[in-house]
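Scroll down for the structure; my scribbles are underneath it.
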Protein chains: 2
Amino acid sequence: MAVHAESLKKPFKVQMLEARESAITASVNRLLAEKGFDAMTVDEVAAEVGIAKASLYKHFSSKEALACAAMVQAMQKAQDFLEQLNEQPPESVAAENKQLQTPCHALRKLMAMTRWTLQLKLNGQMPSLPSQNSSLRATLMASRPYMDGLMRVSDLLGEWIVQAQKEGFINSALPAIAVLYTLYARACDPVVEFLKMSELHTDSEIIDMVMATCFSGLNARPYQ
Amino acid sequence: MAVHAESLKKPFKVQMLEARESAITASVNRLLAEKGFDAMTVDEVAAEVGIAKASLYKHFSSKEALACAAMVQAMQKAQDFLEQLNEQPPESVAAENKQLQTPCHALRKLMAMTRWTLQLKLNGQMPSLPSQNSSLRATLMASRPYMDGLMRVSDLLGEWIVQAQKEGFINSALPAIAVLYTLYARACDPVVEFLKMSELHTDSEIIDMVMATCFSGLNARPYQ
DNA sequence: GTCTATAATCAGATAGAC
DNA sequence: GTCTATCTGATTATAGAC
């Protein structure tokens with residue numbers, strides 16, 4: 001019983017430690033979004049958190065572990081968003097947005113998730129992992145929390161994709177995995193940055209444009 | 001007159017030098033495609049070309065200059081392809097391919113160019129510059145040959161985009177610049193790598209899928 | 001121009017006092 | 001656990017002989 005009480009109510013020291021580590025992952029997340037894993041230095045992280053570099057290494061054993069913790073946290077946020085979307089009554093999903101006005105519940109969830117991704121990116125909060133093969137990939141693949149989150153996210157999205165295809169709202173000629181990858185790719189779509197840099201459009205307009213190209217493509221659609 | 005003759009027929013030594021430098025840029029191009037600018041080391045380049053690192057630096061003053069030369073060559077190849085596409089009678093553009101069967105000449109050229117890009121990528125010949133801000137960006141921006149090529153390519157594509165929009169084959173609600181960026185983004189689309197890694201599809205199938213999502217989007221199109 | 005050998009720098013990681 | 005100071009290795013770049 002004492003053991004249970006101990007594990008339910010965290011000691012003060014543990015709370016402090018977790019708060020500190022949470023502050024670290026938040027900084028890492030921001031830096032990963034801003035410059036990517038390779039360009040981010042451990043010195044920068046330490047400076048931004050306001051502690052010495054050696055102290056960072058007491059919390060995380062390597063730069064990869066540091067980035068991995070941030071990625072796990074980001075993945076958890078994504079999963080939370082999807083779970084909440086999954087539990088909502090389908091009709092209530094983003095009804096305020098005219099772009100989401102499709103009669104297909106599954107498609108509406110997929111679009112809501114894509115909008116969320118783009119918004120996060122425009123806010124500078126979407127960590128960007130190296131597209132090329134890197135030491136970080138191996139660390140992520142070996143991380144249970146990360147892989148568990150990734151699998152759960154993929155499962156949820158996969159279900160919605162198959163459902164939307166069954167209902168005839170997503171092109172069934174595309175393998176579900178290709179649709180999944182295409183949606184994931186919005187998280188690192190350079191079009192968002194390019195349009196943002198051009199300063200010709202608001203964030204909202206940029207999202208609408210990328211949503212349009214993602215779901216409707218470049219072609220004009222005279223019949224719809 | 002002697003000057004003209006000199007400049008028309010290149011001396012043997014110059015030919016050798018250009019051949020050597022061409023071999024270098026080819027290696028750099030391949031390495032840029034394989035691992036990107038940051039992960040590519042000058043030692044690797046020297047090893048692959050088969051000369052000493054110090055010799056490389058006699059040809060190119062820095063790693064950035066090295067990559068820049070490769071990018072200029074790649075851009076030149078793209079421009080050559082587009083110019084040739086531009087001079088062809090419109091009817092002859094990739095008539096053999098069923099995916100290019102649109103009555104709009106401009107759209108057909110855009111699609112041919114996109115296919116070409118994806119094919120180059122699948123061949124491991126599409127150099128990938130760092131999406132983030134890097135020292136390479138500055139070098140490229142300061143390079144006349146690169147920027148001239150980029151502008152010419154953008155002009156040609158821009159004309160076709162506007163034309164296809166005028167004829168009602170590309171969504172006119174999208175600014176031409178957004179369409180241009182979306183096409184450029186195919187050169188670094190991670191969906192291609194992901195699908196390739198999954199080993200579930202042939203290169204040809206991958207191209208067809210990415211072409212479909214690019215031009216028609218994910219949505220089913222029951223009316224078309 | 002090509003080479004070997006070396007300088008210079010930067011960034012990830014650690015030692016050891018407190 | 002935090003700090004300062006340092007180590008280590010990798011990588012860009014150069015010196016100087018041929």
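Here is the naming used below: chain letters follow the sequence lines, and residue numbers restart at 1 for every chain.
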Using a strict cut-off of less than 4.0 Å between a Lys/Arg side-chain nitrogen and an Asp/Glu carboxylate oxygen, indicate whether B:Lys196 and B:Asp203 qualify as a salt bridge.
-> yes
Quickly work out the B:Phe60 CZ to C:dT2 P distance and round it to whole Å.
-> 11 Å
In whole angstrom, give the distance that lies between atom CG of A:Leu17 and atom C1' of D:dG1.
-> 9 Å
Is the closest side-chain heavy-atom distance between B:Leu140 and B:Met71 below 4.5 Å?
-> yes
Round to the nearest Å and state the distance from B:Met16 atom CE to C:dG1 atom P.
-> 11 Å
Donor-acceptor pair, A:Lys63 side chain versus A:Phe37 backbone, under 3.5 Å?
-> yes
Side chain to side chain contact (heavy atoms under 4.5 Å, CB included) between A:Gln84 and A:Asp80, intermediate numbers included | CA-CA 6 Å; A:Gln84 162 225 324; A:Asp80 290 349; over 6 Å; no
Over 12 foreign heavy atoms within 6.0 Å of CE, B:Met147 | yes
Per-nucleotide protein contact string for nucleotides 3-18 of chain D (B base, S sugar-phosphate only, - none; heavy atom under 4.0 Å) = BB------SBBBB---
